[in-house]
Amino acid sequence: MRQTAKRLAYAVAPDAQTIVLLRSGAHGIAAMGRALSAGWGGWTSRGGSAAGIPQPAAFPSVDLTADDPVAAILAAPEFAAVGDFFAKIDQAERALVSAVTQALLYTLVRNQRPDHVIEIGTYRASTSKALCRALAANGRGVVDTVDPANGGAILRLLRRWPAALRERVCYYPMSSMDFFNLAVFRQLTSDLVFVDGNHDYEYALFDIQSAARLVRPGGFIAIDNISQAGPFFAAVDFMKAHPAWHECGDCLATGRTDAGFDLRRSTIPETDLCVIRAPANHMIGARPQTAGPQKVAEAEVHGIELAVAQPARGTLRAQFVVRVREPVMSEDTTETSVTLDHPRGHVGGPVRVPLGWAFAPEHMRLERTIELWLSWSGAGELELSRPPTLF
């Protein structure tokens, strides 16, 4: 009965925001009531005109393939006016971050034209609004903003926004752990993640690591409050473990490591930011890694298809972890290794690595997943132009 009621509620929900609120509100009657009220009270009046949304007169248009497009944004003559715009607008919803921080995030979004921007830490939704302005001007994309605290106050703020901005935001009243778990399940990816949640080291490291799992090649993670030890050392340790990533700026290399707090750490003027960037390709290194479990509908899987992006000589190791959901979940594995020798001029085409698995007939009606783990030993890391796929 409960599952039937939930399916009915989702079926008549008017928009994605209401569905998110219903899911997060299912833990309590009061929260469910707030979700229903927010949704059916006219959450998103669709059809609002983005033309009526105030925008900066111009913004820096930069080459995102440059090593450090953030430096190019800061140096552009239009950028100061973008900062002035955010310093003067929405004073009643003033953020804890600087106007320059909002101007930089706005400019990145205008240049990237992403489908999803993720924000960890909503507070009064001022930075959410800045991001939504950029998406409204682009005519595409959604900000997925996450904050477990003050959900009622945040919803009231968001509902006062113009419809053209409201339809660009989806608020998740949950912890970042719950959100990232949901995002992986939904196979959500993002070109920009703004990490401004719990600033303790363990939480900040979790948010950065989880964000990195969702960031598309060449995408950015902007980490706020780098003056504090938690975000700073979390970013330092993440970069040590992921040498293919690089920082836009050099605060991680030059920032004080003998103090817990230092307002001068950021090398992006008038901000407390560190911006790190994902490599242009998918990287496979010596440590086994996975993109998580993939649902399988077929009776058999024959192997893995790779798109090698750069010259590669070495050994690829692959493992399937196969799970079948029964009253008690079953787990099995199979693995293989293959030597790759792709000199310059012989990259880009698909490479198929045989690794078969056949499901038993009695498992065909059950939920089945395969978790693919890959590792590489060779000169450097193995670079793929797209994620590995099953065939």
Side-chain angles (χ1 to χ4, degrees), residues 65 180 183-191 208-219 221 237-246 276-324 329-360 363 368-391:
T65 64
F180 282 122
V184 169
F185 177 78
R186 290 173 51 197
Q187 297 184 317
L188 179 70
T189 60
S190 176
D191 292 292
I208 295 169
Q209 290 174 327
S210 300
R213 189 173 180 180
L214 305 184
V215 167
R216 294 163 59 86
I221 301 177
D237 290 349
F238 173 84
M239 294 296 282
K240 286 179 181 177
H242 299 84
W245 285 66
H246 70 270
I276 59 177
R277 191 175 194 188
N281 291 313
H282 297 270
M283 312 297 289
I284 308 297
R287 183 171 178 168
Q289 62 188 70
T290 182
Q294 304 176 54
K295 286 188 176 181
V296 179
E298 297 78 12
E300 296 183 25
V301 174
H302 301 287
I304 309 152
E305 185 171 283
L306 310 172
V308 180
Q310 295 292 335
R313 288 187 174 91
T315 300
L316 177 73
R317 295 178 177 83
Q319 181 187 55
F320 284 164
V321 180
V322 184
R323 298 184 176 93
V324 179
M329 180 183 290
S330 65
E331 290 183 318
D332 290 291
T333 64
T334 184
E335 56 191 88
T336 190
S337 63
V338 61
T339 299
L340 300 182
D341 186 356
H342 285 252
R344 190 172 298 278
H346 293 79
V347 298
V351 176
R352 288 197 160 186
V353 178
L355 184 58
W357 187 269
F359 289 95
H363 289 163
R368 292 162 285 126
T369 64
I370 286 182
E371 194 171 83
L372 168 62
W373 288 86
L374 296 175
S375 63
W376 171 257
S377 60
E381 294 183 301
L382 176 64
E383 297 190 39
L384 306 178
S385 59
R386 62 177 182 269
T389 56
L390 306 180
F391 71 90

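A quick note: this is a predicted structure, and the numbers were derived from the prediction, not measured.
For the pair Arg368 (side chain) and His363 (backbone), a donor-acceptor distance under 3.5 Å is present. The backbone N or O of Asp341 sits nowhere less than 3.5 Å from a side-chain atom of Arg313 that would complete a donor-acceptor pair.
In this structure, Gln187 places its CD atom where only 12 or fewer heavy-atom neighbours from other residues, nucleotides or ligands lie under 6.0 Å away. Under a cut-off of 6.0 angstrom, the local environment of CZ in Phe391 is crowded, with over 12 non-hydrogen atoms contributed by other residues, nucleotides or ligands.
Between the CG atom in Leu188 and the CG atom in Leu214 there is a gap of 6.0 Å [rounded to 0.5 Å]. How far CZ of Phe238 is from CD1 of Ile221: 5.0 Å, rounded to the nearest 0.5 Å. Expressed to the nearest 0.5 Å, how far CZ of Arg352 lies from CG of Leu306 amounts to 10.5 Å. To the nearest 0.5 Å, the span separating CD on Gln319 from CD1 on Ile304 amounts to 10.5 Å.
Taking 4.5 Å as the limit, some side-chain heavy atom of Thr315 sits within range of a side-chain heavy atom of Thr339. The side-chain heavy atoms of Trp373 and Thr333, taken from C-beta on, include no pair separated by under 4.5 Å. In this structure, the side chains of Leu384 and Asn281 stay at 4.5 Å or more apart for every pair of heavy atoms. Taking 4.5 Å as the limit, every side-chain heavy atom of His242 sits out of range of all side-chain heavy atoms of Ile276.
What you find for Thr336 and Pro354 is that their closest heavy atoms are CG2-O, 3.7 Å. Ala309 and Ser385 get closest at one heavy-atom pair: CB-N, 3.7 Å. Contact between Ala244 and Pro279 at its shortest, heavy atoms only, is O-CB, 3.7 Å. The minimum heavy-atom distance linking Val322 with Trp357 is given by the pair CG1-NE1, 3.5 Å. Nearest heavy-atom pair, Glu335 versus Leu355, reported as atom, atom and distance to 0.1 Å: C-CD1, 3.7 Å. Nearest approach of Leu374 to Ala318, heavy atoms of both residues: CD2-CB, 3.5 Å.
Of the residues listed (Ile370, Asp332, Thr369), the one engaging Arg323 in a side-chain contact (heavy atoms from CB on, under 4.5 Å) is Thr369, and it is the only one. Checked against Arg317 for a side-chain hydrogen bond (donor to acceptor under 3.5 Å, both in side chains), the options Ser375, Ser337, Ser377 give a single hit: Ser377.
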Expected list for residues 284-303: side-chain donor-acceptor pairs under 3.5 angstrom, two or more places apart:
residue : atom : partner : partner atom : Å
Gln289  : NE2  : Met283  : O            : 2.8
Thr290  : OG1  : Gly292  : N            : 3.0
Thr290  : OG1  : Leu372  : O            : 2.8

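Considering only residues two or more places apart in sequence or on other chains, Phe320 meets the ring pair (Phe, Tyr, Trp, His ring centres under 6.0 Å) condition with none of them.
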